[in-house]
Amino acid sequence: MIKLLWKQFSKQVIRSKQLLVQRNNQQEIQDYFRQLKIQSAQQRKDFENIALQLLSKEQDKCKAYFYFLEISNDVTLKTLLSEIFTKAFLQLNDFGNKQLALEKWQLIPLDFIEDYMKGFDIKPAEIQDAQVKILTLLQNKKPLQAMKLIMIFKDQLNMSLFIDKFIQLDAVQDFSKICITSPNLLKDFLIKLTQSDKRHHQKFATELIRKYNLKKEDYPQLIKIQNRQAIDRTYFPKIEEPYERVEERLEGYPYMLCHAIDKLLEHNKINEAYSIAIRQGLNDQYKLNGVLLENPLLKYDGFGITEQICYKEDPSGFIQFSDFNINEEQIEFIDSVEKLMLIKDLILNSQITGFDTEFCHYFDEFAIGGVAIMQISTEKNIYIIDIFNLREKQELLQFLNSYFASNKIKIGHSVWNDFTVMAQNMNLDQTVEPTNIVDLTFLYNEVFPENKNNVSLANQVYQLFGKKLSKKECFSNWQRRPLRKCQLHYGAMDAYICIALYLKLNELKNLDLDQLPQLQQQHQTQQKQKKVLQIQKGEHLRYDIQFQKLIDDKQNMKFLVDSMLKKLAAFLRNLGIDAEYNEKNDHFNIEQQAIAEQRIIITRDKKLFEKPQLKAPCLILSDNFNTEQQFDEMLKELQFQIREDKILSRCVKCNFDHVIKITPKKAEQYLDFKNNDSFGQIKIFWQCEKCLQVYWEGNQFKNSIQRFTKVAKNKDD
């Protein structure tokens, strides 16, 4: 009968209403289960009926249920059969043998464990070996199943035992859900995350610390890692940053200086490393020998441009205060409330002022940089206000509120970003609407509409005065006191030049000075009105105006490719472009991911593109199935930049942007080469730090380099 049923079952025509087996025929049943194939929903439903009828005929249904679970435990369809028999058993509501249920609970499919415990009235505390079961699941690399049990037995478990396992299995997001219920557990989890050598674990730890307003001081290891990464990213991408700028910026931070010395040694910059170690009193731990090089930024100082004072360059090509008959005595550093009170009326009563700000630069991801100094210039004097040390003073806040609200003309460059940061960091009165603000980018566009993409302050100075604007001090240490005189000169010039440019531009255009702020106000009002509306650009690209910056940022554009364009996602990643792939055909899910991650959706789905409430940026491609032609459509519409040095720098499998070189020995652990001789010929391997995918230099690699380099060059042409 069993063979007959198997024959019927394999033909997908199960019609039997019962399964007649004898308890002494266990081997025959197990053989039947081994041959069993359930390949459709109907087949599963038919077998569920058989299981239900089989168990319902048993006097001790609980014992029979575990009998079938145990004999199916060693067959291919173990999981499916256990689910089918469990579902059938739970339907019968025979929960009398609680003792047997406690003994056999580990056989139960995890999706049914809560219903199982509820049926037998089993409390979590009655199960003693839950922790062992969870550790076994983690050992077998099943973190999701382990999480199901953790959520049930969380009150009786030692959660600290699981932290390392979840981190090793890269299931940190899942485990964080339980950690947030316990401050101590969350702290232990975050400490372990910060000790991980995986960069995305450190990023996730940072996100959690921010999200739950935790003290960053409790995680010094993470701060050190972020400091090192920031130094590497800012100063050592290609060891092109002058070492003296690194030393000047990091002076006063011994730990970061040590990392800078290590990086210099790594790049064989022995004399530079030795010089920093000697000057900063760190050579006791390094014991370096070399030639002592001077640091002109620390050795020389004076009131003038850094290029002249420190680097002895010819200053004639640079704009200077002597060009405007301004001298050092006309510049004053305001570092006390008393000094501020003496000059505030002079500023508030001036008909026109220029202003600028310099920001604090920090190296960890938790600090809010804020404004270090604010420079305000009248036509005769420049005042540099020490915001860093006066920001808590009410007198300063009152002055700034009065300054921005006054009806006098205030001139700056890209001023709204400065004002926004200042308002947020210093609790300025948000109800005060800045008035009579003239942004030089707007005024310059009025005079030179053909140069609307070339409006930087330095470009404006060069075009209107024929001289360069010194930018050497842009990223110097603005929170250190006292400031160097070169810094004071730089900051004062950035404020004063705003007035000089304003007057020069108005000479060229002959604009009505009184009408200019009103014209700009009208322009800003129009922009605000546009902001509440969704706009559509062309036939293929649509987006809400709040995402304008994503469309304008050609260098850092990020994409979300939907399920119709999987090959395009891989193509973009090969070019080093950040392109996530969403395989779900769910419009809401796609839009939410695009908004959360600040990405532009790339699709061929007309329903998604035409969705009335869609706000996320969305580019629809034609029905062309050629990947390179799809890419050409994207490039034509969005005009984003491709960098040749980024080609093949991103993991094609998971999109992670950190692929590191590994040894052949380590690569061999992850690869299965059929031809060992071929493996031995390969010298260079890379591995993604996130998904552990391994890449190597073979013919395919060389062909890819040629192909994608050609794509990048064609784009530039």
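Along the sequence shown, residues are numbered consecutively beginning with 1.
The ring-ring contact (aromatic ring centres under 6.0 Å, His included) analysis of residues 574-604, with sequence neighbours excluded, yields no pairs. Sorted by first then second residue, the side-chain hydrogen bond (donor to acceptor under 3.5 Å, both in side chains) pairs that include residues 560-569, not counting sequence neighbours, are D562-T603. Judged as a ring-ring contact (aromatic ring centres under 6.0 Å, His included), the pairs with a partner in residues 134-188 (not counting sequence neighbours) are, in order, W105-F153, F166-F175, F175-F189. Within the structure, side-chain hydrogen bond (donor to acceptor under 3.5 Å, both in side chains) contacts touching residues 80-97 (residues at least two apart or in different chains) are Y65-T86.
When the ring-ring contact (aromatic ring centres under 6.0 Å, His included) test is applied to Y695, no partner is found at least two apart in sequence or on another chain. For the side chain to side chain donor-acceptor pair (under 3.5 Å) test, residues two or more places apart in sequence or in another chain that qualify with Q226 are T206. Residues passing the side chain to side chain donor-acceptor pair (under 3.5 Å) test with K192 are D164, sequence neighbours excluded. In this structure K690 satisfies the side chain to side chain donor-acceptor pair (under 3.5 Å) test with no other residue, sequence neighbours excluded. Under the rule for a side chain to side chain donor-acceptor pair (under 3.5 Å), the partners of Q229 that lie at least two apart in sequence or sit in another chain are Q202. F559 pairs by the ring-ring contact (aromatic ring centres under 6.0 Å, His included) definition with F640, not counting sequence neighbours. Evaluation of the ring-ring contact (aromatic ring centres under 6.0 Å, His included) rule for F95 yields F89, F120 as partners, not counting sequence neighbours. Residues forming a salt bridge (Lys or Arg N to Asp or Glu O under 4.0 Å) with D115 (at least two apart in sequence, or on another chain): none.
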message: Let's go through D578 and R599 carefully: what are the C-alpha distance in whole Å and the side-chain angles of both, what is the deciding distance for salt bridge (Lys or Arg N to Asp or Glu O under 4.0 Å) to 0.1 Å, and is it a yes or a no?
response: CA-CA 9 Å; D578 190 343; R599 297 180 182 275; 2.8 Å; yes

Inset, instruction - Could you go through the side chain to side chain contact (heavy atoms under 4.5 Å, CB included) check for N655 and R650 one step at a time? - result: CA-CA 6 Å; N655 193 43; R650 185 175 289 272; 2.9 Å; yes

request  = Show the numbers, then the answer: is there a side chain to side chain contact (heavy atoms under 4.5 Å, CB included) between K615 and Y543?
outcome  = CA-CA 6 Å; K615 290 186 177 182; Y543 58 96; over 6 Å; no

If you apply the rule side chain to side chain contact (heavy atoms under 4.5 Å, CB included), what do you find for C688 with K653, and how did you get there? CA-CA 9 Å; C688 173; K653 182 178 179 181; over 6 Å; no

Report the C-alpha distance between L575 and R643 in whole Å, list the side-chain angles of each, state the deciding distance to 0.1 Å, and finish with yes or no for side chain to side chain contact (heavy atoms under 4.5 Å, CB included). CA-CA 8 Å; L575 281 166; R643 290 175 52 185; over 6 Å; no

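Proximity of K165 to Q168: side-chain heavy atoms (C-beta onward) are separated by under 4.5 Å at one or more points. Side-chain contact check for L52 versus L92: some heavy-atom pair is nearer than 4.5 Å. Side-chain contact between K216 and L222 is absent, with no heavy-atom pair separated by less than 4.5 Å. For the pair K154/M159, a side-chain contact is recorded, criterion being any heavy-atom separation below 4.5 Å from C-beta on. At least one side-chain heavy atom of F631 sits less than 4.5 Å from a side-chain heavy atom of I642. Side-chain atoms of Y219 and L214, non-hydrogen and from C-beta on, do get closer than 4.5 Å to each other. Between L138 and K141, the closest side-chain pair of non-hydrogen atoms is not below 4.5 Å. Two residues are said to be in side-chain contact when any heavy atoms from C-beta on lie closer than 4.5 Å; F66 and L100 meet this criterion.
When only modelled atom types and interatomic distance are considered, E58 and Y67 share no side-chain donor-acceptor pair under 3.5 Å. For the residue pair Q687 / K661, no side-chain donor-acceptor distance below 3.5 Å is found, with atom types taken as modelled.
Residues T627 and L568 come closest through the heavy atom pair CG2-CA, 3.8 Å. Scanning both residues, A616 and I601, for their nearest heavy atoms gives CB-CD1, 4.0 Å. Nearest heavy atom pair, residue C651 against residue V659, reads N-CG2, 3.8 Å. Closest approach of V561 to A579, counting heavy atoms only: CG2-CB, 4.5 Å. Nearest approach of C654 to C691, heavy atoms of both residues: SG-SG, 3.7 Å. Across every non-hydrogen atom of K98 and I122, the tightest pair is CE-CG1, 4.0 Å.
Here CD of Q131 is found 9.5 Å from CD1 of I150. Values are rounded to the nearest 0.5 Å. Taking CG of L619 as the start and CD1 of I600 as the end, the distance is 8.0 Å to the nearest 0.5 Å. Taking NZ from K142 and CG from L149, the interatomic distance works out to 11.5 Å, rounded to the nearest 0.5 Å. The CD1 atom of I590 lies 12.0 Å from the CD1 atom of I595; values are rounded to the nearest 0.5 Å. Rounding to the nearest 0.5 angstrom, the gap separating the CZ atom in R199 from the NE2 atom in H658 is 5.5 Å. Here CD1 of I84 is found 5.0 Å from CZ of R44. Values are rounded to the nearest 0.5 Å.
The pair K558-E580 does not meet the salt-bridge criterion, since no charged nitrogen lies less than 4.0 angstrom from a carboxylate oxygen. Comment: K646 does not engage D657 in a salt bridge, judged by the lack of any side-chain N to carboxylate O separation of less than 4.0 angstrom.
Of the possible polar contacts, none joining the D553 side chain to the K549 backbone as a donor-acceptor pair under 3.5 Å is found. Of the possible polar contacts, none joining the Q156 side chain to the Q128 backbone as a donor-acceptor pair under 3.5 Å is found. Proximity of a side-chain donor or acceptor of S176 to a complementary backbone N or O of C179 within less than 3.5 Å is not detected. Judged by distance alone, with hydrogens and angles left aside, the side-chain atoms of D129 form no donor-acceptor pair with the main-chain N or O of V132 at under 3.5 Å. The backbone N or O of F609 lies less than 3.5 Å from a partner atom in the side chain of R542, making a donor-acceptor pair.
Counted within 6.0 Å of NZ on K118, heavy atoms from surrounding residues, nucleotides or ligands total 12 or fewer; the atom is thus considered open.
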